[in-house]
Amino acid sequence: MNNSSTKNGSRNAGRTIDIVNKGLKRRYRKEKRFRLYGILSIAASAAFLAFLLTSIVMNGYSAFLQTCIRLDVPIEAGMIDESNPKRSDFQGIIKSAIREYYPDVTERREKRELYSLFSSGAAYQLRNNVLDNPPEAGATLSLWVLADDDVDMLMKGHMKRDVPESERRLNDRQLRWIEKLENDDRIEKRFNTTFFTSGDSREPELAGIWGAVRGSFYTMLVTLALSFPIGIAAAVYLEEFAPKNLATDFIEVNINNLAAVPSIVFGLLGLAVFLNFFGMPRSTPLVGGIVLMLMTLPTIIIASRAALKAVPPSIREAALGVGSSKLQVVSSHVLPLALPGMLTGTIIGMAQALGETAPLLMIGMVAFIVDIPGGFTDPAAVMPVQIYLWADSPERAFVEKTSAAIMVLLGFLIAMNALAVVMRKKFERRW
Amino acid sequence: MLDVLNTTTVEKRNLAPRDSRKTIGTVNVPNPRMVCRNVNVYYGDKQAIRNVTIDIGCNEVLSMIGPSGCGKSTFLRCLNRMNDTIDNCRVEGDIIFEGNDIYDPSIDVVPLRAQVGMVFQKPNPFPKSIYENIAWAPKIHGIVESKSDADEIVETSLVKAGLWEEVKDRLDQPGTGLSGGQQQRLCIARAIAVSPEVILMDEPCSALDPIATAKIEDLIEELRSHYTIAIVTHSMQQAARVSQRTAFFHLGDLIEVGKTDDVFTKPLHQLTEDYITGRYG
């Protein structure tokens with residue numbers, strides 16, 4: 001019997017190995033194909049990402065440079081109001097300086113065209129300069145003043161010089177004046193500090209991202225301060241303490257549903273509840289932060305609960321087995337193990353909130369706000385809304401500003417995600 | 001005693017029939033540490049334990065044996081209310097410890113578990129240092145106040161668990177970095193750090209190799225002088241080696257309980273005899 005079974009077994013084994021060998025090639029082909037699909041899809045997504053980033057950078061890098069014109073401003077006696085220098089007619093001083101450089105321009109209309117080559121911010125530059133170091137009468141200040149956005153576009157090559165006059169925003173006369181500046185080496189592209197230091201403006205050359213960055217910062221601060229403790233506490237209670245019954249099931253389903261609710265709905269809720277009912281100030285980081293908190297809470301709760309679920313139950317049993325209370329189990333053993341996951345979830349939620357536009361439109365953060373916000377109750381814009389506003393503006397110069405603002409926003413997002421990785425690495429227990 | 005297990009011929013005795021579900025043997029001991037009367041455990045609608053009545057004596061090792069799914073682990077977990085963590089688990093009957101029914105609503109489970117410690121099947125040290133593993137429980141109970149108290153408890157517990165010599169130079173190393181057998185002894189040290197009255201062990205050696213198992217068995221023998229131990233085991237040899245009394249469970253019923261020698265040499269129930277002679281299980 002033993003003998004025959006061996007014989008039988010070996011014959012069977014031979015057949016089995018034949019069948020296995022026959023199918024082997026097909027199996028490997030299948031695996032290769034599958035791997036190929038994976039590589040293809042990664043390549044495709046990498047290509048799209050590269051395309052996106054390249055197009056943003058190509059469009060936006062020029063916004064970090066700004067065309068400036070060197071203007072000699074002679075200061076004559078009586079031009080500066082001695083008793084109150086702030087009230088001097090800086091606009092007039094700039095205009096006279098321009099007239100002096102172009103002595104042959106006399107006609108009223110021509111003068112207006114000439115002045116329009118210079119930014120209206122030139123007067124403020126002069127004002128700041130004069131207030132910082134009051135010049136003596138008879139001195140000549142040599143200032144790099146901002147050029148108008150049309151000149152900027154021309155210098156950056158976004159406006160062609162060789163097209164018919166009617167198809168460009170600068171006429172032939174204006175081009176000749178610019179050529180004069182070029183020949184005298186009085187026009188050049190310099191680093192655009194305005195973009196990083198000022199708020200929004202109707203004039204593209206005066207518009208900056210700083211107001212929106214500050215607004216985003218205050219908004220994120222409110223969101224983080226509210227959503228992190230609330231989210232963690234809710235997750236810990238639901239996961240560790242709450243009894244499993246219909247009520248908690250209902251809550252769980254609703255939290256999962258909330259994570260999928262379109263964000264504009266949260267904006268409507270903010271409008272109805274916080275602005276109309278509670279009468280909180282509109283367009284402010286405070287309300288924006290609360291609305292974004294509502295939006296990120298489900299994300300944080302779900303991520304935190306997943307992190308808590310991943311803590312092995314044997315740790316909880318071990319702690320309970322030596323007679324600890326539930327709170328001691330959670331605070332000493334479960335939370336430290338779950339914290340890296342919770343932090344990751346929170347930062348991902350915050351990154352999502354940082355890029356959110358729609359709910360903020362509903363609570364008035366889409367308003368045109370020039371001032372840089374100084375607190376939680378000042379009207380403010382946030383970065384994605386600023387991008388939206390600039391993308392909507394007709395001036396050609398706002399196109400590059402839009403891309404540059406996107407670059408700044410992406411920079412913040414990458415920084416936040418890097419922080420999430422670093423935190424996870426730092427707090428993760430490797431034993 | 002071990003030879004008995006290998007003997008195939010058993011003298012003819014009058015055995016309780018296979019279908020008898022009544023507990024047979026000596027349930028009572030003089031001066032018991034824990035008294036269980038008519039304990040029933042349900043998981044939802046399913047009854048896992050039926051009418052278990054048994055005493056656990058002072059300074060004795062009670063081993064519980066039986067085929068898989070017979071309810072021995074469930075019963076063990078009743079003894080310090082670890083079953084509370086299972087949502088649909090319901091326990092009926094009386095389990096008396098220190099004169100109180102531990103399932104009485106007025107009983108606080110935290111001090112109960114400090115008095116009735118537990119060692120689990122899989123070694124589960126905290127992901128902290130060896131020192132922290134032992135010192136944490138005394139700290140949360142307020143047994144230790146100063147650093148020197150904690151040091152002392154850590155040392156005595158590790159010495160009692162026979163682990164001190166192996167780890168005294170690396171107390172700050174993670175407990176999870178020890179070998180499986182060391183981890184299990186660390187868990188035992190952790191359990192005795194709070195000086196419990198009773199230690200429950202749920203198959204403490206099932207994940208260990210024979211050498212580590214032998215060390216744990218020696219340890220159980222030593223611990224018996226200070227503690228009462230209830231141990232669930234799949235190994236009948238282990239039950240025979242370490243325990244004074246043995247309880248045999250079958251499909252939720254406590255079939256037979258008695259002195260270990262008697263249960264293994266002169267079982268009173270047909271099922272017990274079938275099980276210990278290896279006819280099923």
Side-chain angles (χ1 to χ4, degrees), chain A residues 232 235-253 304-344 423-431, chain B residues 76-77 79-88 108-130 132-143 157 173-178 183 186-196 199-202:
Chain A
I232 301 280
V236 168
Y237 180 77
L238 283 175
E239 202 55 51
E240 301 290 331
F241 294 95
K244 302 269 173 292
N245 56 25
L246 265 181
T248 47
D249 281 353
F250 181 74
I251 289 171
E252 185 167 352
V253 168
S304 301
R305 289 189 69 176
L308 287 169
K309 273 201 187 99
V311 175
S314 66
I315 298 294
R316 293 187 183 85
E317 283 199 327
L320 285 176
V322 293
S324 58
S325 66
K326 257 189 169 171
L327 181 65
Q328 286 165 330
V329 177
V330 171
S331 60
S332 297
H333 299 293
V334 177
L335 262 189
L337 287 173
L339 204 59
M342 291 174 158
L343 285 176
T344 311
M423 291 246 247
R424 199 168 49 208
K425 281 269 174 299
K426 187 170 150 60
F427 289 112
E428 208 164 43
R429 282 159 195 266
R430 275 178 212 84
W431 54 42
Chain B
L76 189 78
R77 292 168 66 93
L79 297 178
N80 71 342
R81 290 182 55 178
M82 281 305 280
N83 280 342
D84 288 11
T85 57
I86 300 166
D87 277 326
N88 57 357
D108 190 351
V109 70
V110 167
L112 169 74
R113 289 193 189 131
Q115 286 170 291
V116 184
M118 186 145 190
V119 176
F120 297 86
Q121 183 170 4
K122 234 183 100 208
N124 56 353
F126 299 133
K128 294 178 189 275
S129 69
I130 294 171
E132 275 292 305
N133 259 287
I134 314 260
W136 186 72
K139 264 185 209 156
I140 60 161
H141 290 304
I143 298 171
S157 306
Q173 300 280 306
T176 39
L178 298 172
Q183 285 189 23
L186 179 64
C187 292
I188 293 175
R190 180 177 66 192
I192 57 187
V194 289
S195 309
I199 301 175
L200 310 175
M201 297 185 177
D202 189 357

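First the proteins, then the strands, lettered A, B, ... as listed; each starts at 1.
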Shortest non-hydrogen contact from [X] to [Y]?
X: B:Arg113; Y: A:Leu320; result: CD-O, 3.0 Å
X: A:Ser325; Y: B:Val110; result: CA-CG2, 3.9 Å
X: B:Asn80; Y: A:Gly321; result: ND2-O, 4.5 Å

Checking heavy atoms, do the side chain of B:Val119, its backbone, both or neither come under 4.5 Å from chain A? neither
Does any heavy atom of chain A fall under 4.5 Å from the side chain of B:Pro125, the backbone, both, or neither of them?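 When you check distances to chain A, only backbone atoms of B:Pro125 fall under 4.5 Å.
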Is atom CZ of A:Phe250 surrounded by more than 12 heavy atoms (other residues, nucleotides or ligands) closer than 6.0 Å? no
Count the heavy atoms belonging to other residues, nucleotides or ligands that lie under 6.0 Å from NZ of B:Lys122, then report whether that count exceeds 12.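 Atom NZ in B:Lys122 is not crowded, with 12 or fewer foreign heavy atoms closer than 6.0 Å.
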Can you tell me how far the CD atom of A:Glu317 sits from the CG atom of B:Asn124, to the nearest 0.5 Å? 7.5 Å
Looking at A:Lys244, A:Gln328, A:Lys326, which makes the most heavy-atom pairs under 4.5 Å with chain B?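 The residue among A:Lys244, A:Gln328, A:Lys326 with the greatest pair count is A:Gln328.
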Between A:Ser314, A:Pro312, A:Pro313, which has the largest tally of heavy atom pairs under 4.5 Å with chain B? A:Ser314
With under 30° as parallel and over 60° as perpendicular, where do the rings of B:Trp136 and A:His333 fit, or are they tilted in between?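 Rings of B:Trp136 and A:His333: perpendicular, over 60°.
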Chain A contacts, top residue of B:His141, B:Gln115, B:Arg81 (heavy-atom pairs, under 4.5 Å): B:His141
